[in-house]
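Worksheet for the structure shown next.
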Amino acid sequence: MSEPTFKTDRGELCDLAPIAAAPIRHHVFVCTGKSCSAVGSAEVREAFERELKKLGLLFGKEAKGKNPKGSIVVTECASVGFCAIGAAVMVYPDGVWYAQVRAADVPEIIEEHLLGGRVVRRLALLELPAAGVAEKFKTEKGKT
């Protein structure tokens with residue numbers, strides 16, 4: 001196997017990977033692993049794509065109904081570590097992990113979090129950086 005050529009021209013890189021030049025503000029990961037799939041994660045991903053396309057915010061190829069200058073990327077991924085309470089959704093760069101998300105919750109996450117900058121507390125499981133729940137409870141109860 002030959003060694004790949006390392007590209008250094010920024011313009012060439014952006015032509016090959018248009019996302020590198022896009023004004024991306026958020027990256028939404030939707031778990032589509034086995035457990036999350038069992039509770040509707042495919043519908044959650046579809047809802048994100050549908051709603052963000054309507055708003056013209058979903059980054060992607062125009063030929064696929066997306067916006068090449070969109071500011072939000074949606075990616076399906078495998079397990080993010082808490083599929084037992086899925087569907088799991090992670091929003092970066094904010095570092096917010098949502099649990100038990102259903103397709104009906106997607107418009108609220110878009111409106112409140114992605115557009116308004118406010119975490120949807122009823123669905124938020126974890127916000128990074130995090131000290132961890134066990135450490136938090138020890139501190140609150142005065143234990144070491």
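Small disclaimer: the values here were computed from a predicted structure and weren't measured.
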Within residues 47-65 or reaching into it, pairs that qualify as side-chain hydrogen bond (donor to acceptor under 3.5 Å, both in side chains) - sequence neighbours excluded: E51-K54

Tell me, which pairs form a side-chain hydrogen bond (donor to acceptor under 3.5 Å, both in side chains) where one or both residues lie in residues 84-98, sequence neighbours left out? H26-D94, Y92-W97, D94-H113, Y98-H113

Quick note, salt bridge (charged side-chain N to carboxylate O under 4.0 Å, His left out) partners involving residues 77-90, not counting sequence neighbours, are none

Residue pairs, two or more places apart or on separate chains, that pass salt bridge (charged side-chain N to carboxylate O under 4.0 Å, His left out) and touch residues 16-38: none

Common cluster, [X]/[Y], ILVMFWY with side-chain heavy-atom separation under 4.5 Å:
| X | Y | result |
| --- | --- | --- |
| V106 | F59 | no |
| V30 | V119 | yes |
| L114 | L55 | yes |
| V101 | V120 | yes |
| V96 | I109 | yes |

Okay, side chain of N67, backbone of L58: is any donor-acceptor separation there less than 3.5 Å? no

Backbone N or O of C31 within a donor-acceptor pair of the S41 side chain at under 3.5 Å? yes

Are any non-hydrogen side-chain atoms of L126 and F82 less than 4.5 angstrom apart? no

All side-chain hydrogen bond (donor to acceptor under 3.5 Å, both in side chains) counterparts of [X], not counting sequence neighbours:
| X | value |
| --- | --- |
| E111 | none |
| D105 | R122 |
| E112 | R118 |

Only distances under 3.5 Å count here; give the side-chain donor-acceptor pairs of residues 4-15 to other protein atoms, sequence neighbours excluded, each with its distance to 0.1 Å.
from : atom 1 : to  : atom 2 : distance (Å)
D9   : OD2    : G11 : N      : 3.3
D9   : OD2    : E12 : N      : 2.6

Can you give me every donor-acceptor pair (side chain of residues 69-78, partner residue at least two apart or in another chain, under 3.5 Å) with its distance?
from : atom 1 : to  : atom 2 : distance (Å)
T75  : OG1    : H27 : NE2    : 2.6
E76  : OE1    : R45 : NE     : 3.1
E76  : OE2    : T32 : OG1    : 3.3

Do you know which two heavy atoms are closest between V44 and A103, and how far apart they sit? CG2-N, 3.6 Å

Straight-line distance of L115 CG to L57 CG, nearest 0.5 Å: 6.0 Å

